[in-house]
Amino acid sequence: MPKPVLLVIAHGSRDPRHAATVHALVRQVRARRPGVRVETGFLEFNLPSVSGKLESLAAEGVRDVVALPLLLTRAFHAKADIPSVLSEAPARLRIRQAEVLGPSPLLTAALERRLYEAGLSPADKSSTGVVLAAAGSTDPGAIAVIAEIAREWRRTGWCAVRPAFASAAASLPRTEDVVRSLRALGCARVVVAPYFLAPGRLPDRVARGAGEADLVAPVLGAAPEVARVVLARYDAAAAVSALAAVGA
């Protein structure tokens, strides 16, 4: 039986850096798994659209698709937007929605990779406070996930790790708030680790709020650890699809 097509679903953005980063990540995924067809669709702003890509796959005769949300938390897009688009796909397609990418120890490793690439040394770890800067959400579950990632990451030897949010309720801490709090805590240096897959408006907002930090890392982008998570989520969904086909 042919392997399901992997359809990576990205949000899309007017910022051209977003799509360029998504395509770079998809190239990494293809290189790691040459036996799997990997396609890309965007929810908005960029082409191809998710619906358009599904139509073209169906027209080619594709039967099985794993739709993978290129998202770090399971919030509105994963719970509502993507299922809504997938529900309107051509009837001949058997589609299974994979889990979102986060949380994963591999993503934490990618965050550290970006910090070290930006100039931090592993020897600095115990004296460095990290701002884990995420997008924010109205979904309390998504906020709780970010807070838990920060707690777990702190246990690996950092002076402190605290979450911040670029777009969220006024009651949640912003990047600049957390930078100041880590200074007050006594961390010798303060760095910002953006928990974003691609550049855009919100990562830019994080960078502006990080003015007093010693270092701001790049977004996760096409880090090899991210590509590994994408494939792990694909494998899990494809395995379920195979079991369902056997039982049909």
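Any value given below was found using the heavy atoms of this structure, including those in side chains, with hydrogens, waters and symmetry copies removed.
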- Query: Can you find a pair of side-chain heavy atoms, one from Leu47 and one from Phe42, that are under 4.5 Å apart?
  - Reply: no
- Within-4.5 Å side-chain heavy-atom neighbours: Val178 and Pro163: no
- Item | Results of side-chain hydrogen bond (donor to acceptor under 3.5 Å, both in side chains) for Thr21 - residues two or more places apart only | none
- Task: With the side chain counted from C-beta on, respond yes when Leu197 and Leu101 share a heavy-atom pair under 4.5 Å apart, and no when they do not.
- Result: yes
- Over all atoms of both residues, closest heavy-atom pair of Glu225 and Leu106: CB-O, 3.2 Å
- Among the clusters formed by ILVMFWY side chains lying less than 4.5 Å apart, do Val229 and Leu68 turn up in the same one? yes
- Query: Between Glu152 and Pro103, is any pair of side-chain heavy atoms under 4.5 Å apart?
  - Reply: no
- Message: With clusters defined by side-chain heavy atoms of hydrophobic residues (ILVMFWY) lying less than 4.5 Å apart, directly or transitively, does Leu72 cluster with Val22?
- Response: yes
- Message: Quick check on the hydrophobic clustering: are Val192 and Leu111 connected, directly or via other members, by side-chain heavy-atom contacts under 4.5 Å?
- Response: no
- Message: So, taking the atom named CG in Leu57 and the one named CG in Asp64, what distance separates them when rounded to the nearest 0.5 Å?
- Response: 11.5 Å
- Item | Gln28 side chain vs Ala222 backbone, donor-acceptor pair below 3.5 Å | yes
- State whether the number of non-hydrogen atoms from other residues, nucleotides or ligands found under 6.0 Å of Arg14 atom CZ is greater than 12. no
- Value for CZ (Arg27) from OG1 (Thr40), rounded to nearest 0.5 Å, stands at 10.0 Å
- Note on the structure: Note: Thr175 and Ala133 closest approach over all heavy atoms is OG1-CB, 4.1 Å
- Is there a side-chain contact between Val161 and Ile149, using heavy atoms and a 4.5 Å cut-off? no
- Message: If we ignore hydrogens and angles and just use 3.5 Å, is the side chain of Asp214 paired with the main-chain N or O of Val190 as donor and acceptor?
- Response: yes
- Query: Can you tell me how far SG of Cys159 sits from CZ of Arg154, rounded to the nearest 0.5 angstrom?
  - Reply: 7.0 Å
- Message: Checking Ser56 against Glu39 for the side chain to side chain contact (heavy atoms under 4.5 Å, CB included) test, could you report, in this order, the C-alpha distance in whole Å, the side-chain angles of both residues, the deciding distance, and whether it holds?
- Response: CA-CA 11 Å; Ser56 66; Glu39 299 290 344; over 6 Å; no
- Item | Derivation and outcome, side chain to side chain contact (heavy atoms under 4.5 Å, CB included), residues Leu70 and Val230 | CA-CA 8 Å; Leu70 205 60; Val230 168; 4.2 Å; yes
- Closest approach of Arg180 and Glu212, non-hydrogen atoms and distance? CG-OE1, 3.9 Å
- Student check: side-chain heavy atoms of Ser121 and Tyr116 closer than 4.5 Å: no
- Item | Between CZ on residue Arg233 and CG on residue Asp235, distance to nearest 0.5 Å | 11.0 Å
- What distance do His11 atom NE2 and His18 atom NE2 have between them, rounded to the nearest 0.5 Å? 7.5 Å
- Item | Positive for side chain to side chain contact (heavy atoms under 4.5 Å, CB included) with Lys53, one of Ile9, Leu7, Val8, Val5 | Leu7
- Is there side-chain contact between Arg33 and Tyr234, with at least one heavy-atom pair below 4.5 Å? yes
- If every non-hydrogen atom of Leu132 is compared with every non-hydrogen atom of Ile146, which pair is closest and at what distance? CD2-O, 3.7 Å
- Item | Any donor-acceptor N/O pair, Asn46 side chain to Ser13 backbone, under 3.5 Å | yes
- Message: Between Val29 and Leu231, is the side chain to side chain contact (heavy atoms under 4.5 Å, CB included) condition met? List the steps.
- Response: CA-CA 7 Å; Val29 173; Leu231 287 169; 3.7 Å; yes
- Step by step, work out the side chain to side chain contact (heavy atoms under 4.5 Å, CB included) result for Leu182 and Arg162. CA-CA 8 Å; Leu182 292 175; Arg162 293 183 178 176; 3.9 Å; yes
- Message: Would you say Val131 ends up clustered with Leu172 if hydrophobic residues are merged whenever their side chains have heavy atoms under 4.5 Å apart, either directly or through other cluster members?
- Response: no
- Message: Would the distance check show the side chain of Lys3 and the main-chain N or O of Ala238 forming a donor-acceptor pair, the cut-off being under 3.5 Å?
- Response: no
- Arg228 atom CZ: more than 12 heavy-atom contacts under 6.0 Å: no
- Message: Side chains of Arg37 and Pro2, heavy atoms from C-beta outward: is any pair under 4.5 Å?
- Response: no
- Task: Please answer whether the main-chain N or O of Thr128 pairs with a side-chain N or O of Arg189 as donor and acceptor at a distance below 3.5 Å.
- Result: no
- Note on the structure: Shortest non-hydrogen pair, Arg92 vs Val62, comes out as NE-O, 3.1 Å
- Query: How far does CG of Leu71 sit from NZ of Lys79, to the nearest 0.5 angstrom?
  - Reply: 12.0 Å
- Query: Which atom names give the shortest non-hydrogen contact between Phe196 and Val206, and what distance separates them?
  - Reply: CE1-CG2, 3.8 Å
- Query: In terms of hydrophobic clustering (I, L, V, M, F, W, Y; side-chain heavy atoms under 4.5 Å; direct or indirect links), are Val216 and Val130 co-clustered?
  - Reply: no
Mind listing the side-chain donor-acceptor pairs of residues 81-88 below 3.5 Å, one per line with the distance, residues two or more places apart or on another chain?
{"residue": "Asp81", "atom": "OD2", "partner": "His77", "partner atom": "ND1", "Å": "2.6"}
{"residue": "Ser87", "atom": "OG", "partner": "Ser84", "partner atom": "O", "Å": "2.7"}

